[in-house]
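Taking it in order: structure first as structure tokens, then the write-up.
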Amino acid sequence: MGRGATAQIFRAVVEQRGWEHSRHGHYHNNVSRLRSETGGGDFARPFVVASVLHENFYEDQMDTHDVAHVLRPAGK
């Protein structure tokens, strides 16, 4: 799933809860809130991976090895 689709789903979840989400920083805060609400786990990982890869798309700072590392399943 791409960053845009992930963001739309995430936006729907936080809107349902009435949480602020008009700025990028709100997304990081809301990820933390949802992680606490759901008891943790890997909830935040897809959001963080999508954010890192989105930034790299525009900034081109990561080499192929780093991108592959980011995409590896957690714990591998």
*Report yes if the side chains of His26 and Val14 come closer than 4.5 Å at any heavy-atom pair, otherwise no.*
no
*Nearest-0.5 Å distance that lies between atom CD in Gln16 and atom CZ in Arg11*: 15.0 Å
*Excluding sequence neighbours, so at least two apart, what forms ring-ring contact (aromatic ring centres under 6.0 Å, His included) with Phe57?*
none
_Minimal non-hydrogen separation, Arg33 against Trp19, with atom names_ = NH2-NE1, 2.8 Å
*Please name the pair of heavy atoms, one in Val52 and one in Met62, separated by the smallest distance, quoted to 0.1 Å.*
CG1-SD, 3.8 Å
*Can you see which heavy atom on Asp66 is nearest to which on Asp63, and at what distance?*
N-OD1, 2.8 Å
*For Asn30 and His21, which heavy atoms make the closest approach, and how far apart are they?*
ND2-CB, 4.2 Å
*Report the residues that fulfil salt bridge (Lys or Arg N to Asp or Glu O under 4.0 Å) with Glu20, sequence neighbours left out, ordered by chain and then residue number.*
none
